[in-house]
Amino acid sequence: MCGRYQFSWEESRMLARIREAVRKAGAQAPRDEVFPSDGAPVLVLREGKVVPAVMGWGFPGMQGGRNVINARAETAEERPMFRDGVAARRCVVPATGFYEWDADKRRYLFRMPARTELYMAALYGVFGGEARYCILTTQANASVAPVHHRMPLVLRAQEVRPWLEDEQTARRLLHETPPELERRETDGQLRLW
DNA sequence: CCAGACGTTGTT
DNA sequence: GTCTGG
DNA sequence: CCAGACGTTGTT
DNA sequence: GTCTGG
């Protein structure tokens, strides 16, 4: 699944541009490491253009419950919480990578092989006047499986616009296997031996 | 027992 | 918070 | 997602 | 276990 990701504008001109755009629009600049409930840039389609917008990460759960940060791609089309988003409120989360933890709490950063921008398919909704997003997840592919059994629905760069633009294409992409990624272990916490 | 998914209202 | 699957 | 905090007291 | 902050 995906409970944290990296937004490193220093490593990506695209992300630097997105960051600058939202900053100029008056939104707070995203952190390098994005946590659930943070405000962060997502990409949406507006008048035929892919543009950034700042939203909060996670849908409010029922009865004041938890922040719902992920949606299963396999079932999102049927779930009441997500099905309208699949039809009409798709977005893309730009990142430089995402983190996963293994059973021993070792943390790994996953990136695109050429270290280009990593795009995660997501949905958004408006709750109490506040726009929020939820990242789609799918079964881990070969590159992620050694660490965790789920991963975000990573889109190839050329799939970003089709995901936003065309509902039928989006429904197909929900069932695609994401590209293989590069893995790097990071020091998630100090290990005193 | 645990891990993981899941409420509606924003739509290009 | 509840539910399911393991 | 993870890490860290949690309670102020009718009890053998 | 449940919640909060990051």
Side-chain angles (χ1 to χ4, degrees), chain A residues 1-7 28-40 42-93 95-110 118 120 122-140 144-145 147-154 160-170 174 183 185-192:
Chain A
M1 72 177 335
C2 179
R4 196 179 298 181
Y5 62 88
Q6 186 191 57
F7 187 99
Q28 187 168 6
R31 297 198 272 176
D32 177 272
E33 205 169 306
V34 181
F35 297 83
S37 81
D38 278 0
V42 302
L43 303 176
V44 292
L45 195 68
R46 292 288 178 261
E47 297 173 348
K49 294 187 188 317
V50 179
V51 298
V54 171
M55 300 187 186
W57 184 10
F59 286 6
M62 54 190 294
Q63 294 190 357
R66 310 286 287 146
N67 201 21
V68 177
I69 61 175
N70 297 124
R72 289 177 68 88
E74 298 93 324
T75 56
E77 290 171 282
E78 296 94 53
R79 290 281 184 257
M81 193 173 183
F82 305 123
R83 63 189 175 207
D84 294 344
V86 171
R89 288 190 299 277
R90 297 180 301 278
C91 63
V92 170
V93 180
T96 39
F98 64 88
Y99 296 104
E100 295 291 353
W101 285 257
D102 67 15
D104 296 323
K105 304 258 190 218
R106 281 183 297 242
R107 189 178 75 160
Y108 300 84
L109 176 65
F110 290 91
L118 185 149
M120 295 178 280
L123 309 172
Y124 70 92
V126 175
F127 304 88
E130 186 186 20
R132 307 196 63 88
Y133 65 96
C134 187
I135 297 176
L136 289 157
T137 64
T138 189
Q139 183 173 64
V144 177
V147 172
H148 195 72
H149 70 112
R150 304 288 298 171
M151 68 179 289
L153 186 62
V154 175
V160 168
R161 174 176 280 274
W163 164 260
L164 296 173
E165 216 166 37
D166 186 69
E167 182 179 341
Q168 289 317 309
T169 304
L174 282 176
R183 181 215 317 169
E185 185 168 355
T186 68
D187 42 341
Q189 60 179 285
L190 287 179
R191 249 164 242 293
L192 304 177

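Throughout, a chain's letter reflects where its sequence line sits, starting with A, and its residues are numbered from 1.
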**OP:** For A:Arg90 and B:dT9, give me the distance from atom CZ to atom P, rounded to whole Å.
**Re:** 21 Å
Subject >> Strand partner of D:dT8, provided both Watson-Crick or wobble distances fall under 3.5 Å >> reply: none
Original post:
Pick from A:Phe35, A:Phe110, A:Trp57: which one makes a ring pair (Phe, Tyr, Trp, His ring centres under 6.0 Å) with A:Tyr5?
Top reply: A:Trp57
Original post:
Of the candidate nucleotides E:dG6, B:dG10, D:dC1, which contains the atom at the shortest distance from the side chain of A:Phe35?
Top reply: E:dG6
Original post:
In terms of side-chain heavy atoms of A:Thr137, which of B:dC6, B:dA5, B:dT11 is nearest?
Top reply: B:dA5
**OP:** Output yes when at least one side-chain N/O atom of A:Arg89 is less than 4.0 Å from OP1 or OP2 of B:dT11, else no.
**Re:** yes
Subject >> Side-chain donor/acceptor of A:Arg89 to backbone N/O of A:Tyr124, under 3.5 Å >> reply: yes
Original post:
Which of these nucleotides, E:dG6, B:dT9, B:dT12, is closest to any side-chain atom of A:Pro36?
Top reply: E:dG6
**OP:** In whole angstrom, give me the gap between the P atoms of D:dT9 and E:dT2.
**Re:** 24 Å
Original post:
Which part of the nucleic acid does A:Phe59 contact within heavy-atom distance under 4.0 Å: base, sugar-phosphate only, or nothing?
Top reply: nothing
Original post:
Considering Watson-Crick and G-U wobble pairs with both distances under 3.5 Å, what does C:dG6 pair with?
Top reply: B:dC1
Subject >> Main-chain N/O of A:Thr137 paired to A:Arg150 side chain as donor or acceptor, under 3.5 Å >> reply: yes
Subject >> Candidates B:dC6, B:dT11, B:dT9 - which lies nearest the side chain of A:Arg79 >> reply: B:dC6
